[in-house]
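This report refers to the structure that appears directly beneath it.
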Amino acid sequence: MMVPAALLLLGVLTAVLAPRLLARAEWPDREPVVALWVWQCVVGAVLLCFALSMVLSAAAAWLAVRGRLFAAAPHGVVDAYALGPTGGPWAVGTALALAGGGLWTGARLTREVLRARARRRARGAELLVRAPLLPGEDPAGARLVVLEGTRPDAWWLPGAAPQLVVTTAALGRLKGSQLDAVLAHEQGHAEARHDWLLHCSRALAGGFPQVPVFAAFEAEMHRLVELAADDVASRRYGRLTIALALVGLNEDRGVFGPYPSPQPHVSERVRRLLSAAPRLSAGRRLRLAALATLAPAVPLVVALMPGLSALT
């Protein structure tokens, strides 16, 4: 029973310490795509720790599970895990608690995806009412939709026929290539499938609000996906263009005033674009990505080490 306990402890330590370490780092704002990968690896490592601990705890608690798990393994491999004849109430409780957590996570993710689809269908239906298709227009083609509105706004409506929706007030504010930069920003979200990252982060944070890594994961996903999309647009149209577009779309919302804003990330994004901090070197980006990739490998090594040691 030492391996399931070690995996459980490793998962808890990672869930507590990883957000603190990443919060102290200064490089994520300069490399949001790498930071997104690091966060995914950290959360994946935590979930893998709990999943492996659940499986091995179930093997310790029930002989039927153990027989299926180690069906093809030599007898010495089973002995190396020291599971004992029965794992006792600790193994049963751990396996059931972690299995319940897994089912709860799946249920939350399913609900989040269904709600997002319902919201998307509702917005699509509202859009068809406010901007109906013209005669002969292909409903499956991607298009730019302009809506009458006094508030400058622009958003991407994903789906089988993705659409960029802008208001007439936004068109009045966006000059030159700023509209193209907004389009590139929203296309950056769509191409990178940022919506799935947001679904997963919301499901985990909503299902386990007291787990630090999941709460931080949700907050950072909302911030980092915007920075990553800003970089996509800035590489094509320049940092100043996308920064001016952000100012034009948000200057009437109190975002840049002296008082706390409900959207503090907007002013931070504009300052980041205007400061033009240099990117990390390609070598350092590669090292960070490789190091993050090793995070999910650690629980695998912990779980497999007794069996591999018995074989050798």
Legend entry - Separation between CZ of R269 and OG of S267, rounded to the nearest 0.5 Å: 10.0 Å
Legend entry - Those residues that, when tested against L240, pass side chain to side chain contact (heavy atoms under 4.5 Å, CB included) (two or more places apart): L244, L274
Legend entry - Hydrophobic cluster of V33, others only, ordered by chain and residue number, side-chain cut-off 4.5 Å: none
Inset, instruction - Provide the full list of ring pair (Phe, Tyr, Trp, His ring centres under 6.0 Å) pairs with a residue in residues 18-50, sequence neighbours left out, each pair given once. - result: none
Legend entry - Note, L109 side chain near C200 side chain (heavy atom, < 4.5 Å): yes
Legend entry - Partner set under side chain to side chain contact (heavy atoms under 4.5 Å, CB included) for R20, not counting sequence neighbours: V16
Legend entry - Pairs satisfying side-chain hydrogen bond (donor to acceptor under 3.5 Å, both in side chains), at least one member in residues 103-112, at least two apart: E112-R202
Legend entry - Check: V232 and Q187 side chains under 4.5 Å, non-hydrogen atoms: no
Legend entry - Spacing of E220 atom CD and L197 atom CG [to the nearest 0.5 Å]: 12.5 Å
Inset, instruction - Working to the nearest 0.5 Å, report the span between CG of L147 and CG of L171. - result: 10.0 Å
Inset, instruction - Only counting residues at least two apart or in another chain, list the ones meeting side chain to side chain contact (heavy atoms under 4.5 Å, CB included) with A277. - result: R30
Legend entry - Minimal non-hydrogen separation, A303 against V3, with atom names: CA-CG1, 4.1 Å
Got a list of side-chain donor-acceptor pairs under 3.5 Å for residues 203-213, not counting sequence neighbours?
none

Inset, instruction - Of all the heavy-atom pairs spanning A95 and W62, show the shortest one and how long it is. - result: CB-CZ3, 3.9 Å
Inset, instruction - Would you mind reporting whether V166 and W155 have side-chain heavy atoms less than 4.5 Å apart? - result: no
Legend entry - Verify same cluster id: Y237, L174 (apolar side-chain graph, 4.5 Å): no
Legend entry - Residue pair V38 / L22, side-chain heavy-atom distance below 4.5 Å: yes
Legend entry - side chain to side chain contact (heavy atoms under 4.5 Å, CB included) against A192, all qualifying residues, sequence neighbours excluded: H194
Legend entry - Heavy-atom check, side chain of V145 versus side chain of L164, under 4.5 Å: no
Inset, instruction - Output the distance between atom CZ (R151) and atom OG1 (T168), rounded to the nearest 0.5 Å. - result: 13.5 Å
Inset, instruction - Mind jotting down which residue pairs meet the side-chain hydrogen bond (donor to acceptor under 3.5 Å, both in side chains) criterion with at least one end in residues 170-179? Sequence neighbours excluded, please. - result: R173-E251, R173-D252
Inset, instruction - Could you tell me the separation between the OG atom of S234 and the NE2 atom of H185, rounded to the nearest 0.5 Å? - result: 11.0 Å
Inset, instruction - Please name the pair of heavy atoms, one in A170 and one in L249, separated by the smallest distance, quoted to 0.1 Å. - result: CB-CD2, 3.7 Å
Legend entry - Shared hydrophobic cluster for L8 and V298 (ILVMFWY, side-chain gaps under 4.5 Å): yes
Inset, instruction - Would you name the heavy atoms of H199 and A116 that are closest together and state the gap between them? - result: CE1-CB, 3.2 Å
Inset, instruction - With the side chain counted from C-beta on, respond yes when L300 and L48 share a heavy-atom pair under 4.5 Å apart, and no when they do not. - result: yes
Inset, instruction - Would you kindly confirm whether V46 and L13 end up in one hydrophobic cluster when ILVMFWY residues are joined by side chain heavy atoms under 4.5 Å apart? - result: no
Inset, instruction - For side chain to side chain contact (heavy atoms under 4.5 Å, CB included), just list the numbers for D231 and R272, CA-CA rounded to whole Å, side-chain angles, deciding distance to a tenth of an Å, and then say yes or no. - result: CA-CA 10 Å; D231 287 349; R272 171 181 176 270; 2.8 Å; yes
Legend entry - Rounded distance [0.5 Å steps], CG in L246 versus CG in L273: 6.5 Å
Inset, instruction - State, to 0.1 Å, how close L56 and P4 come at their nearest heavy-atom pair, and which atoms those are. - result: CB-CG, 3.6 Å
Inset, instruction - Check step by step if salt bridge (Lys or Arg N to Asp or Glu O under 4.0 Å) holds for D29 and R223. - result: CA-CA 9 Å; D29 284 359; R223 189 177 72 89; 2.4 Å; yes
Legend entry - Worked check of side chain to side chain contact (heavy atoms under 4.5 Å, CB included) between M221 and L36: CA-CA 7 Å; M221 287 304 98; L36 286 169; 3.5 Å; yes
Inset, instruction - For atom CZ of R119, decide whether the heavy atoms of other residues, nucleotides or ligands shown that lie under 6.0 angstrom number more than 12. - result: yes
Inset, instruction - Given side chain to side chain contact (heavy atoms under 4.5 Å, CB included), test W156 with L183 step by step and report yes or no. - result: CA-CA 8 Å; W156 184 263; L183 175 60; 3.8 Å; yes
Inset, instruction - Indicate if L7 and V12 have the same hydrophobic cluster label, given that clusters are the connected sets of ILVMFWY residues with side-chain heavy-atom separations under 4.5 angstrom. - result: yes
Legend entry - Worked check of side chain to side chain contact (heavy atoms under 4.5 Å, CB included) between L288 and L280: CA-CA 10 Å; L288 285 170; L280 301 180; 3.7 Å; yes
Inset, instruction - Report yes if some heavy atom in the side chain of V225 is under 4.5 Å from a heavy atom in the side chain of H189; otherwise report no. - result: yes
Inset, instruction - Taking salt bridge (Lys or Arg N to Asp or Glu O under 4.0 Å) as the test, write out the residues that go with E218, two or more places apart. - result: none
Legend entry - salt bridge (Lys or Arg N to Asp or Glu O under 4.0 Å) partners for R193, two or more places apart: D195
Inset, instruction - Locate the shortest heavy-atom distance separating A181 from I242; write the atom from each residue and the value. - result: O-CD1, 3.9 Å
Inset, instruction - Please indicate whether R117 has more than 12 foreign heavy atoms, meaning atoms of other residues, nucleotides or ligands, lying under 6.0 Å from its CZ. - result: no
Inset, instruction - Any side-chain hydrogen bond (donor to acceptor under 3.5 Å, both in side chains) involving residues 276-285? Give me the pairs, sequence neighbours left out, ordered by first then second residue. - result: E31-R279
